[in-house]
Amino acid sequence: MALSLLGWLLVINTFGALGLTILSRYLLAFPTALTKWYNLKVGIIFVLTIVIFAYIITAYTFSYVFSPEKETIRQWSAEYNLEKFLIEPAFTIVPYSYLLNVCFFLLIILPFIGGLFIALLIFFIYLVKTKQSLTVAKLSRSLIVSSSVQILCTFILLLLPFSFIVLTWYFKIQNTANVICVINCIIASHSLMEFIATLYFIIPYRKFVLKLFERIKNFYNPIPLNIIWSNSQVTDIIH
């Protein structure tokens, strides 16, 4: 359960970092009156406020997992016929009534987050299609495209799999243990895929990585020197 809590906190951090990234890139790509007011300090305070609020809700949600007494855990285990697992040092149990409330709350907020992601994705595509100036085509376009890919990666590799897990808990879908393991692997791949997308779709990053690989390639495969000897030089060497 501690790993579940840690995983949920990492998801919150991911959403907070993604929100700060998208906001910063948008203001950099399309300067507005908000750009003069917005800076790194303001952005960090804004995101930290949301993240801390989410931490408080998460701590409240998981508090009952770490607070029960041993006798309470024994009663819950007897109710669900899990007494044989009491010998396990890390065994804990969450009654379905508790989990049902959490899942109900998540089923309300997750569609809202998904709709927000889709709206942002459509908005960024609209910006890329309508802003055809030279400046946008070079720097701003790459930033907006990268942000769109990040949103898409988060939606497909994080939000949808997590929503499926919540649905299996809420509706008591049987025999989904193996599917949940695969979904956890998909969720774990989100950071890697987003990192690759950032390196590829932001042009300066991509150029730097290509130059780095080119240097490595030239280091292990040096270009041969073609030395052309004249007849007089060959004669001097022989003598």
Side-chain angles (χ1 to χ4, degrees), residues 6-7 9-51 54 113-114 116-162 183-227:
L6 178 61
L9 294 179
L10 290 176
V11 170
I12 295 174
N13 289 338
T14 300
F15 284 124
L18 180 62
L20 182 60
T21 301
I22 292 173
L23 180 60
S24 301
R25 289 181 181 176
Y26 171 75
L27 294 177
L28 178 62
F30 305 99
T32 61
L34 183 62
T35 308
K36 299 179 180 179
W37 174 80
Y38 177 82
N39 53 42
L40 181 61
K41 182 179 179 180
V42 173
I44 291 177
I45 292 175
F46 175 72
V47 172
L48 282 180
T49 302
I50 298 176
V51 170
I113 297 176
L116 181 61
F117 275 22
I118 295 175
L120 284 174
L121 186 61
I122 295 174
F123 178 64
F124 284 158
I125 293 175
Y126 168 78
L127 289 177
V128 172
K129 294 294 184 181
T130 55
K131 305 292 185 179
Q132 298 295 337
S133 65
L134 182 62
T135 303
V136 172
K138 289 185 177 180
L139 176 60
S140 302
R141 182 181 294 272
S142 66
L143 291 176
I144 294 301
V145 169
S146 175
S147 299
S148 301
V149 174
Q150 283 184 284
I151 293 173
L152 192 61
C153 285
T154 304
F155 183 78
I156 295 176
L157 301 177
L158 200 61
L159 189 62
L160 287 182
F162 187 73
I183 290 178
N184 286 329
C185 293
I186 294 175
I187 293 175
S189 68
H190 166 262
S191 299
L192 176 62
M193 298 304 297
E194 185 174 342
F195 173 72
I196 295 174
T198 301
L199 290 181
Y200 180 79
F201 286 99
I202 298 182
I203 296 176
Y205 294 171
R206 185 171 67 216
K207 288 182 178 180
F208 173 78
V209 173
L210 291 177
K211 287 182 179 180
L212 187 63
F213 278 109
E214 186 177 353
R215 289 182 181 180
I216 296 174
K217 180 181 178 181
N218 293 335
F219 178 80
Y220 288 102
N221 299 294
I223 300 175
L225 297 177
N226 296 323
I227 303 177

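For reference, positions follow the sequence shown, starting with 1.
Side chains of L152 and S148 form no contact here, defined as non-hydrogen atoms less than 4.5 Å apart. Considering only heavy atoms from C-beta on, I113 comes within 4.5 Å of L159 through its side chain. With contacts defined as side-chain heavy-atom distances shorter than 4.5 Å, the pair L157/I187 does not qualify.
With rounding to the nearest 0.5 angstrom, the CD1 atom of I156 is 12.0 Å from the CD1 atom of I151. Expressed to the nearest 0.5 Å, how far CD1 of I186 lies from CZ of F162 amounts to 14.5 Å. Taking NE2 of H190 as the start and CD of Q150 as the end, the distance is 8.0 Å to the nearest 0.5 Å.
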With a cut-off of 3.5 Å and sequence neighbours excluded, list every side-chain donor-acceptor pair involving residues 197-212.
from	atom 1	to	atom 2	distance (Å)
T198	OG1	E194	O	2.9
R206	NH1	Y200	O	2.6

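Residues satisfying the side chain to side chain contact (heavy atoms under 4.5 Å, CB included) criterion with I118, sequence neighbours excluded, are I122, F155.
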